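Report on one structure; see the data block that follows.
Predicted model, so just to flag it, every value in this text is computed and none were measured. What you see below is based on every heavy atom in this structure, not just the backbone, and it leaves out hydrogens, waters and symmetry mates. Numbers here simply count residues along the sequence, with the first being 1.
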Amino acid sequence: MTRPHTSLRWKIALLAAAAACAAAVVIGLLVHRSTYERSLTLGRGSALTALADIPAAPTSTPDRDTHGDPVTRRADEIPPQLVHDVRQTGGLPRTWYDDRKPDTPWMWAARFEDGRWTAVRVEMGSDKRNLDALDRHMAYAALAALALVAPLAALAAVPMTRRLRRVAVTARRITHGDLDARTGSTGTGHDETADISEAVDRMADALRRRLHDEQRFTADVAHELRTPLMGLVTAASLLPESEATDLVRDRVRVLRDLVEDLLEISRLDAGAEHAETLPVPLGSVVEDAVARARTGPATDVTVTVTGDATVETDPRRLDRILANLVTNAHRHGRPPVTVTVTGTEIVVQDRGSGFPDDLLTHGPQRFRTGAEERGTGHGLGLTIALGQARVIGAHMEFANAPEGGARVTLRLPPPTAEPPGP
């Protein structure tokens, strides 16, 4: 089952948006801090200039600062922090930024000279409003950049994600047996995605070579064994009747069946098998196939047919599939074995210990019979049944029944609709 996932393209877009936001925040903080410091510097300069223009001695008229505020000459009217700073410097002029009222900040300047305090303040509200306006404009610009960067990043990631998606599709095709599938990305780039594509193509080439070598080895072994085997069959038929002769003939028969199975597998691997379909009544075909495949008492196999479906299939191959499934159920399971036909679905079930987990995960594999308690054999029956099912276009599923035992479900292609009459 495919897990839900988020497209890499949108992950890249989100990453680009996050990077743009981080850059906007850093730049905004730097600009805000620089502008704020510059405003304070200008305010200090203005306050110190205004303070320098005020004589230390009082005049006959009230002194006023540039904004119409009286010049302060009493220590209790000056901010305590500024008074402390001036006293620390021995009366030299000092400044202090008064932001106790954020909407109307002031820049104070004061000195203590000849036993008298002199202080002025410069209004900084306009600078504060200008700084707030700058912050707003930077925020608007960051949002506009974000709205532009995210779509552009998603658009720029499309070629890469398309190539990665092609690699994923190719890997899935290879997983399902299409060894000729390739990414087709050779020469499309020199980045990591191109490296992945090239690696997948090389892996597919190596896998195909190994599988072909294995198939060729299996076919060669089966063909080389067939000639001496025929000699063994002939020689065994000429032996005098005895218990030892029966044992030899039984082993020769087992060896002959193994060679025939290997030849059949080699033909299936090579794609040399082709179905010859014709319309057949499924229930009757299944009953006849099970009757020929019985390996135990007649009561050990129960056939139940529901409906009278007619399917387009190859009856010889279907007979081979059912024979292998019933034989496998008798050999590795326990009776009773049941065969149920419902529509175009055939279910073969025994009452044994069930399929091993490895078979349920990876499917039947040649020369592997699973758990030891499931009996003996060469492990080729289910492999052949699965290969023949693919030839006739059927789907086969392996599972363990909740009530116990192994269950194989064979689903044949539905019958094609007949063309409407004239």
Which heavy atom of [X] sits nearest a heavy atom of [Y], and at what distance?
{"X": "Phe355", "Y": "Asn328", "result": "CE2-ND2, 4.1 Å"}
{"X": "Pro315", "Y": "Leu278", "result": "CD-CD2, 3.3 Å"}
{"X": "Ile174", "Y": "Val200", "result": "CD1-CG1, 4.3 Å"}
{"X": "Val86", "Y": "Leu92", "result": "CG1-O, 3.7 Å"}
{"X": "Leu48", "Y": "Pro93", "result": "CD2-CB, 4.0 Å"}
{"X": "Val305", "Y": "Gly307", "result": "CG1-O, 3.5 Å"}

Are the side chains of [Y] and [X] in contact, using a 4.5 Å heavy-atom criterion?
{"X": "Val158", "Y": "Arg162", "value": "yes"}
{"X": "Leu239", "Y": "Val248", "value": "yes"}
{"X": "Arg256", "Y": "Val259", "value": "no"}
{"X": "Met138", "Y": "Val31", "value": "yes"}
{"X": "Leu360", "Y": "Asn400", "value": "yes"}
{"X": "Arg390", "Y": "Met396", "value": "no"}
{"X": "Met107", "Y": "Leu40", "value": "yes"}
{"X": "Leu258", "Y": "Leu380", "value": "yes"}

Pair Glu241-Arg249, salt bridge (charged side-chain N to carboxylate O under 4.0 Å, His left out): steps then yes or no: CA-CA 10 Å; Glu241 298 294 333; Arg249 288 174 180 172; 2.9 Å; yes

Show, in sequence, the C-alpha distance, side-chain angles and deciding distance for Ser46 and Thr49, and conclude whether the side-chain hydrogen bond (donor to acceptor under 3.5 Å, both in side chains) test is met. CA-CA 5 Å; Ser46 298; Thr49 301; over 6 Å; no

Using the side chain to side chain contact (heavy atoms under 4.5 Å, CB included) rule, take Val339 and Val301 through it: C-alpha gap first, then chi angles, then the decisive distance, then the call. CA-CA 7 Å; Val339 180; Val301 182; 4.3 Å; yes

Does [X] use its side chain to pair, donor to acceptor, with the backbone of [Y] at less than 3.5 Å?
{"X": "Ser34", "Y": "Leu30", "value": "no"}
{"X": "Asp314", "Y": "Thr277", "value": "no"}
{"X": "Ser237", "Y": "Thr234", "value": "yes"}
{"X": "Arg166", "Y": "Thr183", "value": "yes"}
{"X": "Arg111", "Y": "Leu51", "value": "yes"}
{"X": "Arg173", "Y": "Ala168", "value": "no"}
{"X": "Thr245", "Y": "Pro240", "value": "yes"}
{"X": "His84", "Y": "Pro80", "value": "no"}

Salt bridge present between [X] and [Y] (N-O < 4.0 angstrom):
{"X": "Arg292", "Y": "Asp319", "answer": "yes"}
{"X": "Lys128", "Y": "Asp132", "answer": "yes"}
{"X": "Asp205", "Y": "Arg182", "answer": "yes"}
{"X": "Arg100", "Y": "Asp98", "answer": "yes"}
{"X": "Glu276", "Y": "Arg316", "answer": "no"}
{"X": "Glu37", "Y": "Arg33", "answer": "yes"}
{"X": "Asp250", "Y": "Arg253", "answer": "yes"}

Worked check of side chain to side chain contact (heavy atoms under 4.5 Å, CB included) between Thr304 and Val341: CA-CA 6 Å; Thr304 303; Val341 182; over 6 Å; no

In terms of heavy-atom contacts, does [atom1] of [X] have more than 12 from other residues, nucleotides or ligands at under 6.0 Å?
{"X": "Asp357", "atom1": "CG", "value": "no"}
{"X": "Asp308", "atom1": "CG", "value": "no"}
{"X": "Arg38", "atom1": "CZ", "value": "no"}

With Val280 as partner, the option from Leu318, Val286, Val311 fulfilling side chain to side chain contact (heavy atoms under 4.5 Å, CB included) is Val311

State the [atom1]-[atom2] distance between [X] and [Y], to the nearest 0.5 angstrom.
{"X": "Glu345", "Y": "Arg411", "atom1": "CD", "atom2": "CZ", "value": "4.5 Å"}
{"X": "Leu325", "Y": "Phe398", "atom1": "CG", "atom2": "CZ", "value": "7.0 Å"}
{"X": "Trp96", "Y": "Leu82", "atom1": "CH2", "atom2": "CG", "value": "8.0 Å"}
{"X": "Ile321", "Y": "Leu386", "atom1": "CD1", "atom2": "CG", "value": "9.0 Å"}
{"X": "Leu282", "Y": "Glu287", "atom1": "CG", "atom2": "CD", "value": "10.0 Å"}
{"X": "Tyr97", "Y": "Met124", "atom1": "OH", "atom2": "CE", "value": "5.5 Å"}

Should Arg208 and Asp180 be marked as a salt bridge (charged side-chain N to carboxylate O under 4.0 Å, His left out) after you check the CA-CA gap, both sets of side-chain angles, and the distance that decides it? CA-CA 8 Å; Arg208 181 173 61 179; Asp180 294 325; 2.7 Å; yes

Could you walk me through whether Asn324 and Leu382 pass side chain to side chain contact (heavy atoms under 4.5 Å, CB included), step by step? CA-CA 7 Å; Asn324 281 11; Leu382 292 181; over 6 Å; no

Checking His330 against Val337 for the side chain to side chain contact (heavy atoms under 4.5 Å, CB included) test, could you report, in this order, the C-alpha distance in whole Å, the side-chain angles of both residues, the deciding distance, and whether it holds? CA-CA 7 Å; His330 276 290; Val337 177; 4.2 Å; yes

Apply the test side-chain hydrogen bond (donor to acceptor under 3.5 Å, both in side chains) to residues Arg320 and Gln388: give CA-CA distance (whole Å), side-chain angles for both, the deciding distance (0.1 Å), then the verdict. CA-CA 8 Å; Arg320 176 67 165 152; Gln388 294 290 4; over 6 Å; no

Ring-plane angle category for His32 and Tyr36, please: parallel below 30°, perpendicular beyond 60°, tilted otherwise. parallel

